[in-house]
Amino acid sequence: MKYITTIGEKEFVIEVVDEEHIIVDGVGCKVNFESVSGEPVYSLLIDGQSHEAYVYEDDEGWEVLLQGSLYPATVVDEREHRLKSAFGSDPVQSGEFYLKAPMPGLVVAIPIEDGQKVEEGDVLIILESMKMQNELKSPRAGTIARIRVGIGENVERRQTLLSVV
Amino acid sequence: MKYITTIGEKEFVIEVVDEEHIIVDGVGCKVNFESVSGEPVYSLLIDGQSHEAYVYEDDEGWEVLLQGSLYPATVVDEREHRLKSAFGSDPVQSGEFYLKAPMPGLVVAIPIEDGQKVEEGDVLIILESMKMQNELKSPRAGTIARIRVGIGENVERRQTLLSVV
Amino acid sequence: MFNKVLIANRGEIAVRILRACRELGLETVAVYSDADRKSLHVRYADEAYLLGPAPSRDSYLRSDKIIEIAKKSGASAIHPGYGFLAERADFAQAVIDEGIAFIGPKPSSIAAMGDKGVARATVTAAGVPVVPGTEAEGSLSDDDLLKVAPEIGFPLLIKATAGGGGKGMREVNKLEEMPELLASARREAESAFGDGNVYLEKLVEGARHIEFQILADTHGNVIHLGERECSLQRRHQKLLEESPSPFMDEDLRQKMGEVAVRAAQSVEYVNAGTIEFLVDGEKNFYFLEMNTRLQVEHPITEAVTGVDIVKEQIRIARGRTLSRQQEEIQMNGWAIECRVNAEDPYSNFMPSTGYISHVLLPTGPGVRVDTGVYPGFEISPYYDSLISKLIVFGETRAEVILRMRRALEEYKIVGVRTNIPFHQSMMDSHRFMAGQFDTQFVEKRFSIDKTRKGQEAHPHIAAIMATLVAHQHTQRSAHVIQRNERDTSNWKWMGRWERIHR
Amino acid sequence: MFNKVLIANRGEIAVRILRACRELGLETVAVYSDADRKSLHVRYADEAYLLGPAPSRDSYLRSDKIIEIAKKSGASAIHPGYGFLAERADFAQAVIDEGIAFIGPKPSSIAAMGDKGVARATVTAAGVPVVPGTEAEGSLSDDDLLKVAPEIGFPLLIKATAGGGGKGMREVNKLEEMPELLASARREAESAFGDGNVYLEKLVEGARHIEFQILADTHGNVIHLGERECSLQRRHQKLLEESPSPFMDEDLRQKMGEVAVRAAQSVEYVNAGTIEFLVDGEKNFYFLEMNTRLQVEHPITEAVTGVDIVKEQIRIARGRTLSRQQEEIQMNGWAIECRVNAEDPYSNFMPSTGYISHVLLPTGPGVRVDTGVYPGFEISPYYDSLISKLIVFGETRAEVILRMRRALEEYKIVGVRTNIPFHQSMMDSHRFMAGQFDTQFVEKRFSIDKTRKGQEAHPHIAAIMATLVAHQHTQRSAHVIQRNERDTSNWKWMGRWERIHR
């Protein structure tokens with residue numbers, strides 16, 4: 001199976017030949033890859049070099065935390081890649097941004113109101129968690145649409161709080 | 001549910017009333033009992049006292065390792081206990097003792113042979129594991145019956161090695 | 001003389017105090033909230049009693065319940081730890097009124113140092129220099145504060161009167177932004193301390209935050225255990241401390257140490273406490289505040305002086321004299337503490353909660369870990385994000401930095417995001433290595449993403465690992481779909497799959 | 001000067017050496033067997049290469065492969081750890097012949113001290129007293145040994161000529177039992193060292209086993225780091241060591257230390273080594289043997305002297321002078337090491353293998369753990385049963401015993417049985433607390449079952465816990481049978497069940 005993996009600006013073509021061999025940008029490597037304790041911690045031996053990293057899946061692809069550095073990665077197989085190249089890779093950005101709670105917490109302030117125009121970086125909600133006040137900001141300019149929570153309300157992780165249209 | 005639990009010479013009558021109350025030898029106690037991390041390590045709060053122990057099930061009942069002391073225990077419910085009391089608690093000892101490997105290892109010596117008479121404490125097999133030679137001894141007098149392994153053979157944990165009849 | 005101690009706290013510090021008690025042969029009583037039934041402090045204590053629901057105000061701040069439990073269980077002393085009730089003079093007084101020993105200072109000392117105005121007046125009278133500010137003027141309204149701010153000059157700090165630990169603290173650079181910052185500071189102070197009062201203080205730029213550990217017994221002996229360098233902060237929360245300070249010389253240490261002792265004496269201080277100073281580039285130093293309790297970062301002082309501060313606290317509370325005199329205190333070697341917080345350093349240090357499924361602790365020579373979490377524990381949103389303190393010590397600062405690097409790389413926590421990568425970046429920072437930093441370093445001149453430039457990076461290794469995991473997922477999905485057929489994929493790395501079926 | 005080190009070992013000692021290399025900025029190369037792919041030493045090294053199948057003779061004893069890997073990977077030094085190839089003069093020579101630095105003594109010193117006969121002759125010539133025995137007489141046959149035994153007198157010891165660590169050692173109390181014991185000793189020696197030769201030695205009764213740590217550089221400096229008390233043994237395997245020895249006084253320490261240094265000098269010793277002595281009740285001491293390598297129990301000496309012995313070994317191998325002179329070595333405080341073995345103390349210390357599903361390490365002040373295992377690691381039957389070393393240090397022996405007690409109680413390992421309860425009993429033993437023990441204490445005068453008498457025992461708590469778990473099992477079986485019905489049992493303690501469904 002051949003994959004096209006992107007980290008930042010860099011693109012790697014990685015072919016998984018069998019469980020001990022891969023080809024990275026045309027160069028063959030011997031690998032031994034193990035999950036540690038069944039956890040998302042992985043040990044890779046590649047041509048004798050030993051590396052260990054956390055590998056997490058997230059909404060946009062993969063996150064690799066390796067020696068204290070975070071590498072966000074996208075991995076697509078050859079077929080997907082061809083399709084994307086042919087038809088344009090980026091789907092049109094949806095018109096609505098849903099602000100979700102990044103952690104469980106208590107809503108302590110909502111300094112905006114329905115229908116208000118906001119700029120990128122404006123504080124939308126202040127959420128208290130672990131004794132800290134955390135400001136949730138707008139990732140882009142727009143108009144506040146549906147505020148679904150109130151001050152003093154406890155929210156769950158990933159709960160939708162409001163929308164920016 | 002009422003249980004009769006025996007530790008050494010001591011017998012305890014323990015009634016589990018509900019998830020927070022038990023009666024031990026007629027005395028009610030408030031309990032809070034939790035498995036730690038889903039492991040056989042348990043945390044017990046009983047009338048405010050905090051105790052922690054490993055609780056393992058074995059062939060003969062339970063083993064409780066508490067503050068560095070091992071307490072072998074048997075637990076029977078009231079109905080079982082009544083049956084045992086009425087009909088005699090000990091089933092007749094089976095005529096045959098099966099020597100099982102207590103750990104994986106390599107058979108390095110078999111100082112007895114088929115049909116040989118042995119005394120309690122005689123060495124039956126020497127098993128090498130973790131660089132140590134471990135002598136497996138006969139728990140009683142008898143005659144060696146079926147030697148199922150040979151010198152130099154690797155054995156698995158709990159594999160039957162021979163019988164004493 | 002007491003022989004049973006109630007620890008009115010949770011988390012790593014409750015465990016730390018429990019250990020000291022055990023090692024002194026004292027019986028221990030833990031208290032816990034609904035969220036903490038499986039906490040280490042409950043598991044390690046001889047006795048444990050439920051306080052109430054998870055929120056602090058319903059549990060760890062319930063002084064009435066705590067005293068009631070102490071009486072019921074026969075605990076004859078209470079150790080408050082840090083945070084929660086540790087700096088509440090009324091609590092200390094209530095404990096003493098019940099005939100229970102309070103392992104900490106006298107209520108009057110807590111009150112004097114807790115009210116920043118009184119503290120300032122007291123230490124000034126004792127000849128200790130202070131930073132200009134409004135703390136002597138009582139509780140001012142927003143209007144008053146806005147009026148007085150330009151006199152102090154910008155930048156300035158809004159600080160919580162009842163505060164400590166950076167909670168309710170805000171930096172103000174111009175008058176216009178001040179109303180909003182006042183509101184948020186008061187809100188945070190109210191929720192953290194139950195007291196929304198704030199005061200203003202001049203922000204000394206390019207300053208270091210250096211503090212002195214004090215020990216004082218009931219026989220009038222007051223000593224200091226040298227300094228801790230605590231300049232590395234974010235939002236006024238300390239992240240990393242070291243002892244000694246790379247900025248310190250023997251002359252300055254002696255001068256500041258004497259002033260610290262004098263400041264403690266000015267409130268007739270007893271037990272362990274900490275005098276915080278700001279030190280500017282010219283080695284002028286100003287009294288900032290006194291923390292009238294055990295400090296989070298006390299272990300680095302223990303590592304370099306060999307004094308067990310918690311055991312010393314108990315010793316003092318039992319009426320004994322200090323185990324050492326000032327001349328017997330020597331600082332040997334070096335120690336650094338990294339605070340490991342459940343925060344994602346790549347998402348603006350947003351707190352992270354979750355179930356800890358796996359922990360691999362760094363161990364070996366010169367490594368100490370103080371923690372209250374373990375695999376199987378759930379990190380809840382109710383309390384502080386501090387989950388562990390990694391303390392490393394050795395002969396020289398260079399050795400300790402290298403040791404900290406390997407310890408941070410070894411440390412694995414799965415289930416929540418932590419700020420370990422932040423500390424790894426810090427250990428690689430040339431300015432940190434050179435000891436060139438001040439209190440604004442982390443926020444203004446340090447970026448976790450930029451420090452690694454010039455370091456050997458491994459994007460291709462990251463790409464390979466992401467690809468192999470993605471491939472494994474694809475294979476596993478195929479495997480699940482075809483699970484009635486014979487498995488021919490035979491991938492070695494089906495670790496999780498194997499484990500589930502174990 | 002080398003900058004890449006191959007560690008020719010596994011387990012905790014490989015991890016220990018890796019950490020020292022990392023902290024010195026050296027690159028590291030691990031080697032591993034099929035059973036050790038997921039070992040910590042493989043995970044922590046910069047590079048790792050497979051040696052072969054699990055049995056030692058096919059992997060960690062394959063000196064040819066190890067040297068080949070060193071050459072291929074560009075490692076310019078090899079650290080052998082302890083055991084395996086550490087005391088094989090031919091291996092050390094082969095390493096040096098390839099132009100690779102051997103982090104250990106000269107092959108000639110290993111050979112001299114490895115042949116017990118030569119060792120005895122050499123140290124006797126240097127004026128060091130030895131225990132009567134046959135080690136000077138070469139490899140004797142069983143017949144010869146049986147003839148000479150009555151001359152030495154019973155009890156006596158059969159010891160492996162190539163040996164160390166108690167492997168191949170047997171105690172003989174009368175002539176009749178000797179043939180069988182000779183056979184088993186030779187068998188064990190053959191399998192452990194590839195050499196079945198044995199010799200006899202008088203058993204000094206009521207003796208203590210006390211050893212001195214030696215450091216020697218290539219510039220002729222030889223120093224000692226004081227003693228370690230190692231009398232607590234079972235089947236001649238050390239179980240628990242401490243430093244200093246409660247039996248020692250400053251006068252005896254100086255005398256024995258000088259003799260130890262002289263013994264090392266007699267073979268022109270370089271690098272770290274240990275001189276083992278027997279000391280009788282009258283403080284007469286006899287040279288037993290020299291271990292020409294790093295010792296398992298080296299951390300307790302590190303704790304009391306502050307010297308990092310592994311870093312010092314590397315320093316010496318790089319041709320530098322020792323970092324300290326004899327006058328600069330001070331023993332401060334106390335340290336105890338408990339060897340945590342995968343052995344069931346309630347089944348005659350039978351080895352225990354299995355999958356480690358959970359570990360809770362003891363942490364906090366004065367605690368160091370050196371280990372190679374972690375949750376998710378499988379303990380295989382191929383190697384030594386040592387899985388962890390728990391080292392505790394503090395100001396006084398009493399403090400350290402109390403600290404060790406709390407650390408042992410905190411330490412949880414699920415998946416294999418360990419000898420932790422043995423150590424807990426030892427910490428409660430009055431004779432141990434009083435320092436009254438000799439090399440036969442564990443086997444002849446100590447029982448894990450009997451020490452707890454008089455202590456407060458908790459049979460009723462054990463009974464309650466067994467009952468609650470049994471009840472839970474019953475409920476769970478019922479639950480599984482009725483799983484299509486609504487669960488009304490609602491037991492709080494369905495921990496494992498919940499986790500599986502998480």
Side-chain angles (χ1 to χ4, degrees), chain C residues 12 15-16 18-25 37-38 40 43-44 299 302-303 306-311 323 332-333 355 357-371 374-376 388-389 391 394-395 398-407 409-410 412 492 495 499-500 502, chain D residues 12 15-16 18-25 37-38 40 43-44 299 302-303 306-311 323 332-333 355 357-371 374-376 388-389 391 394-395 398-407 409-410 412 492 495 499-500 502:
Chain C
E12 68 85 17
V15 172
R16 168 69 186 95
L18 270 167
R19 285 172 169 155
C21 292
R22 290 223 150 202
E23 292 175 16
L24 291 169
R37 165 63 184 91
K38 296 190 184 184
L40 279 190
R43 295 174 55 191
Y44 287 175
E302 296 185 322
V307 175
D308 187 315
I309 293 171
V310 180
K311 285 185 183 171
S323 66
N332 287 312
Y355 176 85
S357 60
H358 183 79
V359 173
L360 183 57
L361 288 181
T363 55
V367 174
R368 166 178 169 185
V369 178
D370 275 27
T371 182
Y374 61 89
S388 166
K389 304 185 311 202
I391 302 111
E395 286 194 70
E399 179 182 48
V400 170
I401 291 174
L402 285 159
R403 184 165 277 171
M404 184 61 90
R405 276 195 199 162
R406 72 101 179 144
E409 181 61 26
E410 287 177 21
K412 298 281 185 298
K492 262 197 183 173
R499 195 175 166 215
I500 289 167
R502 190 175 282 272
Chain D
E12 67 86 16
V15 172
R16 168 71 186 91
L18 271 165
R19 285 171 169 156
C21 292
R22 291 224 150 198
E23 292 174 17
L24 291 168
R37 164 63 183 91
K38 296 191 183 181
L40 278 191
R43 296 174 55 191
Y44 287 174
E302 296 185 323
V307 176
D308 187 316
I309 294 173
V310 180
K311 285 186 182 168
S323 66
N332 288 314
Y355 177 85
S357 61
H358 183 77
V359 174
L360 182 58
L361 288 182
T363 56
V367 174
R368 166 178 168 185
V369 178
D370 275 28
T371 183
Y374 60 89
S388 166
K389 303 185 313 202
I391 303 110
E395 286 195 70
E399 180 182 49
V400 170
I401 291 173
L402 285 159
R403 185 165 276 172
M404 183 61 89
R405 275 194 200 163
R406 73 102 177 141
E409 181 61 26
E410 286 177 21
K412 297 283 185 297
K492 260 197 184 172
R499 194 175 167 215
I500 289 167
R502 193 173 279 273

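All chains are named by letter (A, B, ...) in the order of the sequence lines, taking the proteins before the strands, and each is independently numbered beginning at 1.
Only the side chain of C:Lys311 comes within less than 4.5 Å of a heavy atom of chain D; its backbone N, CA, C and O stay farther away. For D:Pro365, the parts lying under 4.5 angstrom from a heavy atom of chain C are both the backbone and the side chain. Residue contact with chain D, scored on non-hydrogen atoms closer than 4.5 Å, involves the side chain of C:Arg16 exclusively. For chain D, the nearby parts of C:Pro375 are the backbone and the side chain; heavy atoms of each come within less than 4.5 Å. Neither the backbone nor the side chain of D:Asn332 has a heavy atom closer than 4.5 Å to any heavy atom of chain C. Proximity to chain D involves both the backbone and the side chain of C:Val369, based on heavy atoms less than 4.5 angstrom apart. The part of D:Val359 that comes within reach of chain C is its backbone (N, CA, C, O), which places non-hydrogen atoms under 4.5 angstrom from that chain.
Looking only at heavy-atom pairs under 4.5 Å with chain D, the residue among C:Arg22, C:His358, C:Arg43 that has the most is C:His358.
Proximity of D:Glu410 to C:Leu18: side-chain heavy atoms (C-beta onward) are nowhere separated by under 4.5 Å.
In summary, of the residues considered (D:Glu12, D:Lys389, D:Arg19), a side chain to side chain donor-acceptor pair (under 3.5 Å) with C:Thr363 occurs for D:Arg19 alone.
Residue pairs satisfying the salt bridge (charged side-chain N to carboxylate O under 4.0 Å, His left out) criterion with at least one member in residues 357-370 of chain D, sequence neighbours excluded, are listed as follows: D:Glu302-D:Arg368, D:Arg368-D:Asp370.
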(message) Is there a side-chain contact (heavy atoms from CB on, under 4.5 Å) between C:Leu40 and D:Leu360? Walk through the geometry before answering.
(response) CA-CA 10 Å; C:Leu40 279 190; D:Leu360 182 58; 3.8 Å; yes
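Nearest heavy atom pair, residue D:Leu402 against residue C:Glu23, reads CD1-O, 3.3 Å.
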